[in-house]
Peer 1: 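Below is one structure. I have some questions about it.
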Amino acid sequence: MPRRKRTAGSSSDGTADSDDSGDHEKTDSSHSEANQRNNTRLTRASLRLSQSSQVVLMLFFLTPLHVYKMLFLFLDAPPDVKLAAERDESPPRTPTGNAPSSESDIDISSPNASHDESVTKDQKDSGSDPSHRPKRRRFHESYNFNMKCPTPGCNSLGHLTGKHERHFSISGCPLYHNLSADECKAPTPRQVRYKEKVMEMRKRRDSGLTKDQKEKYMEHRQTHGTTREPLLENITSDYDLELFRKAQARAAEDLEKLRLQGQITEGSNMIKTILFGRYELDTWYHSPYPEEYARLGRLYICEFCLKYMKSQTILRRHMAKCVWKHPPGDEVYRKGAISVFEVDGKKNKIYCQNLCLLAKLFLDHKTLYYDVEPFLFYVMTEADNTGCHLVGYFSKEKNSFLNYNVSCILTMPQYMRQGYGKMLIDFSYLLSKVEEKVGSPERPLSDLGLISYRSYWKEVLLRYMCNFKGKEISIKEISQETAVNPVDIVSTLQSLQMLKYWKGKHLVLKRQDLIDEWKAKETKRGNNNKTIDPSSLKWTPPKGT
């Protein structure tokens with residue numbers, strides 16, 4: 001009798017028709033077992049391939065920190081999964097952010113490759129084979145606990161959002177943002193209830209003043225003028241008015257303590273406004289002018305020789321016979337209407353002292369007033385048909401032990417937010433380049449000075465990155481070309497998230513999005529005259545510096 005042929009749809013458990021012989025049953029059984037093993041291997045391989053593709057897809061939706069962690073875990077995966085993912089994995093990046101030219105450009109070897117992978121006795125007795133699990137667990141734990149926040153002195157505890165216990169980047173570091181971990185915690189239910197209570201109290205205040213109240217307030221203002229505080233009832237909520245009263249009382253108490261300690265004398269810190277040229281400027285801080293001038297409340301200053309006077313009549317008579325139309329010293333730079341004068345504190349002592357007293361009205365961290373002989377002052381002016389008007393200045397030590405290229409820097413309030421601050425900073429670094437030195441401003445900087453310097457360093461680095469064509473970026477080369485201190489370069493790269501720590505090395509990442517944004521701003525700005533032209537500098541370093 002002829003044998004039946006096995007169809008493609010026959011079962012895989014080795015069963016056959018009853019008229020088949022015993023040998024044929026054995027052969028079919030062996031073939032079925034082989035097919036079952038092959039199907040099982042194919043199922044496992046496809047499962048691993050799908051898992052590897054999921055891992056590759058997840059890399060696109062995670063932050064760089066999570067990508068690094070998962071990449072290290074993935075390198076420790078079984079060989080078949082690793083080979084399946086290598087076909088889709090993009091090549092690693094070099095310090096410039098470009099793909100390496102050869103395999104020697106980057107090393108991604110596992111730091112736990114030398115760990116003992118032996119199986120314990122209990123695991124052997126249980127019959128399990130954890131050849132990969134112990135190694136992957138040790139690998140994950142070592143990198144999880146070795147990752148630290150790059151901020152110096154930070155222990156990676158806390159998070160800026162208050163929702164996480166740890167952080168590993170500057171963006172979430174409370175210490176980098178001058179906060180503590182406790183200050184970044186989410187508000188407690190008690191705080192939330194108090195905020196809701198305050199909002200409810202503020203909603204209860206009257207919508208506006210009645211006619212009788214307005215007349216009462218106007219009568220009070222006409223009677224007392226500025227000698228008394230205006231009436232504040234019904235202007236704001238009772239809660240805000242109470243806070244204002246408490247702040248007034250605390251400020252008065254602090255002033256009394258300072259006066260009893262001798263830090264504030266009667267009549268000091270009374271200069272509220274100055275008349276400077278065609279501008280009337282409100283002062284920001286106390287300046288140690290002589291007491292007979294400080295107690296007047298308003299000071300009149302000549303904008304050319306910086307002499308201070310008591311009344312407008314004296315100023316008018318002084319301007320009629322003042323022969324100064326520009327600062328003393330040598331003009332070392334001129335382009336268009338912008339000029340810079342180098343003034344020696346030893347040769348023009350009175351002018352430099354008056355300049356320091358004027359600058360203290362707008363600077364908080366300044367202690368130099370009268371000892372001006374060891375310093376050079378670079379005064380920037382803008383010229384018109386009446387003379388060279390003071391725009392700003394910076395002072396510089398003649399012999400700086402720490403290579404500070406700026407001791408104090410100021411832009412006059414009427415010229416702020418117009419690009420003159422960056423011009424002064426750029427001019428100070430231009431002098432450092434001529435001296436073939438690396439410079440940095442003296443600390444501490446004022447609030448506005450720190451903002452200006454950070455903006456300038458960011459612009460310098462992005463311009464360097466835009467023009468850089470090589471593969472390896474060196475912070476030392478950036479410092480030598482721009483005259484910016486390496487410490488300032490590193491701090492700026494960290495704030496821009498362009499500096500990463502990986503495998504014991506600091507890598508500089510070339511972020512194209514920031515470069516494109518800077519290019520767009522430069523194009524929008526167009527031809528701006530608020531830039532320093534090195535060819536217009538006529539200066540040689542003074543002897544002894």
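Throughout, residue positions are numbered sequentially from 1 according to the sequence presented.
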Peer 1: Suppose the criterion is ring-ring contact (aromatic ring centres under 6.0 Å, His included): which pairs have a residue in residues 476-500, not counting sequence neighbours?
Peer 2: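 ring-ring contact (aromatic ring centres under 6.0 Å, His included) check on residues 476-500 returns no pairs.
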Peer 1: Which value, rounded to the nearest 0.5 Å, describes the distance between Tyr300 atom OH and Glu280 atom CD?
Peer 2: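 Here the interatomic distance stands at 8.0 Å.
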Peer 1: Is it the case that more than 12 heavy atoms not belonging to Glu292 sit under 6.0 Å from its CD atom?
Peer 2: yes
Peer 1: Between CE of Met416 and CG of Leu410, what distance do you get to the nearest 0.5 Å?
Peer 2: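 Between Met416 CE and Leu410 CG, I get 6.0 Å after rounding to 0.5 Å.
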Peer 1: Return the set of residues passing ring pair (Phe, Tyr, Trp, His ring centres under 6.0 Å) with His318 (not counting sequence neighbours), or none when no residue passes.
Peer 2: none
Peer 1: Taking side chain as C-beta onward, heavy atoms only, is Tyr370 less than 4.5 Å from Leu357?
Peer 2: yes
Peer 1: So, the side chain of Ser428 versus the backbone of Val406: is there a donor-acceptor pair under 3.5 Å, distance only?
Peer 2: no
Peer 1: Determine the minimum heavy-atom distance between Leu306 and Glu303, stating which atoms define it.
Peer 2: CD2-O, 4.1 Å
Peer 1: Out of curiosity, Cys352 SG to Asp371 CG, how far, rounded to the nearest 0.5 Å?
Peer 2: 11.5 Å
Peer 1: By side chain to side chain contact (heavy atoms under 4.5 Å, CB included), which residues pair with Ser452, not counting sequence neighbours?
Peer 2: Ile425
Peer 1: Taking side chain to side chain contact (heavy atoms under 4.5 Å, CB included) as the test, write out the residues that go with Lys530, two or more places apart.
Peer 2: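 Checked Lys530 against side chain to side chain contact (heavy atoms under 4.5 Å, CB included); matches are Gln418, Tyr420, Met423, Asn528.
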Peer 1: How long is the straight-line distance from CD1 of Ile301 back to CG of Leu361, given to the nearest 0.5 Å?
Peer 2: 6.5 Å
Peer 1: Please, which pairs that meet salt bridge (charged side-chain N to carboxylate O under 4.0 Å, His left out) have at least one residue in residues 340-359, sequence neighbours excluded?
Peer 2: Asp344-Lys398, Lys349-Glu373
Peer 1: Assess whether side chain to side chain contact (heavy atoms under 4.5 Å, CB included) is satisfied between Leu448 and Thr411, documenting all intermediate values.
Peer 2: CA-CA 10 Å; Leu448 295 177; Thr411 304; over 6 Å; no
Peer 1: Enumerate the salt bridge (charged side-chain N to carboxylate O under 4.0 Å, His left out) contacts for residues 241-252, please, sequence neighbours excluded, ordered by first and then second residue.
Peer 2: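 Pairs touching residues 241-252 that pass the test: Glu229-Arg245, Glu242-Lys246.
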Peer 1: I'd like to check Val484 versus Thr492 (side-chain heavy atoms, cut-off strictly below 4.5 Å). Are they in contact?
Peer 2: no
Peer 1: Do Glu435 and Trp539 have side-chain heavy atoms sitting under 4.5 Å apart?
Peer 2: yes
Peer 1: Are Asp282 and Pro413 side-chain neighbours, meaning at least one heavy-atom pair lies under 4.5 Å?
Peer 2: no
Peer 1: Evaluate the side-chain proximity of Tyr393 to Cys408: yes if any heavy-atom separation is below 4.5 Å, no if none is.
Peer 2: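 Touching, per the 4.5 Å side-chain cut-off.
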Peer 1: Please report the interatomic distance CG(Asn399) to CD(Glu397), rounded to the nearest 0.5 Å.
Peer 2: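 These two atoms lie 8.5 Å from each other.
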Peer 1: Taking only distance into account, with no hydrogens and no angle test, what donor-acceptor pairs under 3.5 Å do side-chain atoms of residues 170-180 form with protein atoms, sequence neighbours excluded?
Peer 2:
unit_1, atom_1, unit_2, atom_2, d
Ser171, OG, Ser169, OG, 3.1
His177, NE2, Ser171, O, 3.4
Ser180, OG, Glu183, N, 3.4

Peer 1: Quick check on side-chain hydrogen bond (donor to acceptor under 3.5 Å, both in side chains): which of Asp488, Asn405, Asn403 does Ser440 satisfy it with?
Peer 2: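 Single pass found, and it is Asp488.
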Peer 1: Thr531: which residues meet the side chain to side chain contact (heavy atoms under 4.5 Å, CB included) condition with it, sequence neighbours left out?
Peer 2: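 In terms of side chain to side chain contact (heavy atoms under 4.5 Å, CB included), with neighbours along the sequence ignored, Thr531 is linked to no residue.
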Peer 1: For Tyr464, what residues pass the ring pair (Phe, Tyr, Trp, His ring centres under 6.0 Å) criterion, not counting sequence neighbours?
Peer 2: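 Testing Tyr464 for ring pair (Phe, Tyr, Trp, His ring centres under 6.0 Å), a comparison that skips the adjacent residues, returns Phe468.
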Peer 1: Tell me whether the count of non-hydrogen atoms from other residues, nucleotides or ligands lying under 6.0 Å of NZ in Lys307 goes above 12.
Peer 2: no
Peer 1: May I ask you to check whether over 12 heavy atoms, not counting those of Arg228, lie within 6.0 Å of atom CZ?
Peer 2: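 Check fails, neighbour count at 12 or below.
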Peer 1: Checking Glu442 now: which residues fulfil side-chain hydrogen bond (donor to acceptor under 3.5 Å, both in side chains) with it, not counting sequence neighbours?
Peer 2: Ser407
Peer 1: Look at the aromatic rings of His389 and Phe304 and report parallel, tilted or perpendicular, splitting at 30° and 60°.
Peer 2: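 Tilted, since the angle between the ring planes falls between 30° and 60°.
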Peer 1: If only side-chain N and O atoms count, and only distance matters, is there a donor-acceptor pair under 3.5 Å linking Lys422 with Ser455?
Peer 2: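 Yes, Lys422 and Ser455 have a side-chain donor paired with an acceptor closer than 3.5 Å.
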Peer 1: Is there a side-chain contact between Gln312 and Arg298 in this structure, where contact means two heavy atoms from C-beta onward sitting under 4.5 Å apart?
Peer 2: no
Peer 1: Starting from the C-alpha separation in whole Å, work towards a yes-or-no answer on side chain to side chain contact (heavy atoms under 4.5 Å, CB included) for His326 and Ser339.
Peer 2: CA-CA 10 Å; His326 61 78; Ser339 298; over 6 Å; no
Peer 1: Using side-chain heavy atoms (C-beta onward) and a distance below 4.5 Å, is Tyr333 in contact with Asp533?
Peer 2: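 A side-chain contact under 4.5 Å exists here.
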Peer 1: When the aromatic ring centroids of Phe377 and Tyr351 are compared, is their separation below 6.0 Å?
Peer 2: no
Peer 1: Would you check if Ile489 and Leu461 make a side-chain contact, meaning some heavy-atom pair closer than 4.5 Å?
Peer 2: yes
Peer 1: Quick one: closest heavy-atom pair of Leu424 and Phe394, and the distance?
Peer 2: O-CE2, 3.8 Å
Peer 1: Would you say that more than 12 heavy atoms from the other residues, nucleotides or ligands in this model lie under 6.0 Å from the CZ of Arg463, or not?
Peer 2: yes
Peer 1: Rounded at 0.5 Å granularity, tell me how far NE2 in His167 sits from CG in Leu160.
Peer 2: 9.5 Å
Peer 1: Among side-chain atoms of Tyr456 and Asp426, is any donor-acceptor pair under 3.5 angstrom?
Peer 2: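 Short answer, yes.
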Peer 1: Would you list the pairs meeting salt bridge (charged side-chain N to carboxylate O under 4.0 Å, His left out) in which at least one residue belongs to residues 401-418, sequence neighbours left out?
Peer 2: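 Every pair satisfying salt bridge (charged side-chain N to carboxylate O under 4.0 Å, His left out) with a residue in residues 401-418: there are none.
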Peer 1: Who passes side chain to side chain contact (heavy atoms under 4.5 Å, CB included) against Lys360, sequence neighbours left out?
Peer 2: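 Only Tyr285, Ser287, Pro288, Lys366, Tyr369 meet the side chain to side chain contact (heavy atoms under 4.5 Å, CB included) criterion with Lys360.
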